[in-house]
Amino acid sequence: MAPKSLAEERLGFRVPRTVLEFFAEHAESLSSIRCTRETGAGICLAEEDVCDIHESAIEASLCVEAAPPTWLKKYIAIGADGGGGYYFVKKTGSLRVWMLDSDWYGQPKLVATSLRGFARQLLRGDFPCRNLQWWRFWVE
């Protein structure tokens, strides 16, 4: 029997191989936007980052709900926007990226049709935000 992965130990499930392969392949080019528990924004580049950010997403959901939302069982957090929003991929290994902001209302919103496109978007400094109009109000 294969040893448990870090995610299996901490979260109870494996991070899909396709996601881990993407992180390994692009770690160097994406290092400037690496999301860790300390940075809190960007894209995860290692399994440990995924564990930390997924745990943070669960904690954030508990600030507004009595229990994590049921849809969260199907997703893995792979990044954050630095303002309470989290980016997810499905546990099935699909590389489409979904977002839910800190209000935790409703289902996640599709923000990128590929992890590669999502990474390019973050490198441009264009972090998807579900409530863009609300953020503009506070910035102006």
Side-chain angles (χ1 to χ4, degrees):
M1 184 173 192
K4 285 188 174 184
S5 69
L6 180 63
E8 283 178 301
E9 296 264 334
R10 288 179 57 185
L11 306 173
F13 56 81
R14 283 188 175 274
V15 176
R17 183 178 47 83
T18 53
V19 174
L20 293 175
E21 288 172 352
F22 179 87
F23 294 158
E25 183 181 338
H26 300 284
E28 188 175 328
S29 63
L30 299 176
S31 64
S32 65
I33 56 168
R34 180 178 181 180
C35 185
T36 65
R37 190 178 292 273
E38 290 77 31
T39 63
I43 190 170
C44 298
L45 296 179
E47 189 170 13
E48 181 178 3
D49 300 341
V50 171
C51 291
D52 290 345
I53 296 306
H54 192 81
E55 289 169 346
S56 293
I58 291 169
E59 291 168 14
S61 75
L62 295 175
C63 290
V64 294
E65 300 289 337
T70 56
W71 62 260
L72 189 54
K73 294 176 187 168
K74 298 178 183 177
Y75 293 83
I76 301 168
I78 53 106
D81 68 359
Y86 291 88
Y87 304 116
F88 300 88
V89 294
K90 289 187 176 181
K91 290 180 182 176
T92 60
S94 166
L95 296 182
R96 292 167 33 134
V97 180
W98 305 80
M99 181 196 187
L100 197 66
D101 64 15
S102 57
D103 295 331
W104 292 86
Y105 296 120
Q107 296 291 316
K109 174 186 170 191
L110 182 66
V111 293
T113 57
S114 74
L115 195 49
R116 182 179 308 277
F118 175 70
R120 283 191 203 121
Q121 189 174 347
L122 295 187
L123 283 169
R124 290 192 309 266
D126 182 15
F127 282 63
C129 179
R130 185 170 177 165
N131 293 322
L132 187 58
Q133 297 304 317
W134 181 87
W135 284 106
R136 285 185 179 162
F137 170 80
W138 287 103
V139 172
E140 292 177 350

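Just so you know, these numbers come straight off a predicted model, no measurement behind them. Note that these values count all heavy atoms, side chains included, but never hydrogens, waters or copies made by symmetry.
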Stepwise side chain to side chain contact (heavy atoms under 4.5 Å, CB included) test for Arg96 and Lys90: CA-CA 8 Å; Arg96 292 167 33 134; Lys90 289 187 176 181; over 6 Å; no

Which of His26, Arg34, Glu28 passes side chain to side chain contact (heavy atoms under 4.5 Å, CB included) with Leu45? It is Arg34

Side chains of [X] and [Y], heavy atoms from C-beta outward: is any pair under 4.5 Å?
X     : Y     : result
Ile78 : Phe88 : no
Met99 : Asp81 : yes
Val89 : Ser94 : no

Should Ile43 and Leu6 be counted in the same cluster of Ile, Leu, Val, Met, Phe, Trp and Tyr side chains packed under 4.5 Å apart? no

When clusters are formed by joining ILVMFWY residues with side-chain heavy atoms under 4.5 Å apart, either directly or through shared neighbours, do Leu115 and Leu123 land in the same one? yes

Chi angles and distances behind the salt bridge (charged side-chain N to carboxylate O under 4.0 Å, His left out) call for Asp126, Arg120: CA-CA 9 Å; Asp126 182 15; Arg120 283 191 203 121; over 6 Å; no

Geometric cation-pi criterion, Lys91 with Phe13: 6.0 Å, 45°: yes

Going by an N to O cut-off under 4.0 Å, is there a salt bridge joining Asp49 and Arg37? no

Identify the two heavy atoms, one from Ile76 and one from Pro16, that lie closest to each other, and give their separation to 0.1 Å. CD1-CD, 3.2 Å

Report the C-alpha separation of Tyr86 and Trp98 in whole Å, then their side-chain angles, then the decisive distance to 0.1 Å, and conclude whether the ring-ring contact (aromatic ring centres under 6.0 Å, His included) test is met. CA-CA 8 Å; Tyr86 291 88; Trp98 305 80; over 10 Å; no

Under the side chain to side chain contact (heavy atoms under 4.5 Å, CB included) criterion, do Leu20 and Glu47 qualify, and how do the steps go? CA-CA 7 Å; Leu20 293 175; Glu47 189 170 13; 4.1 Å; yes

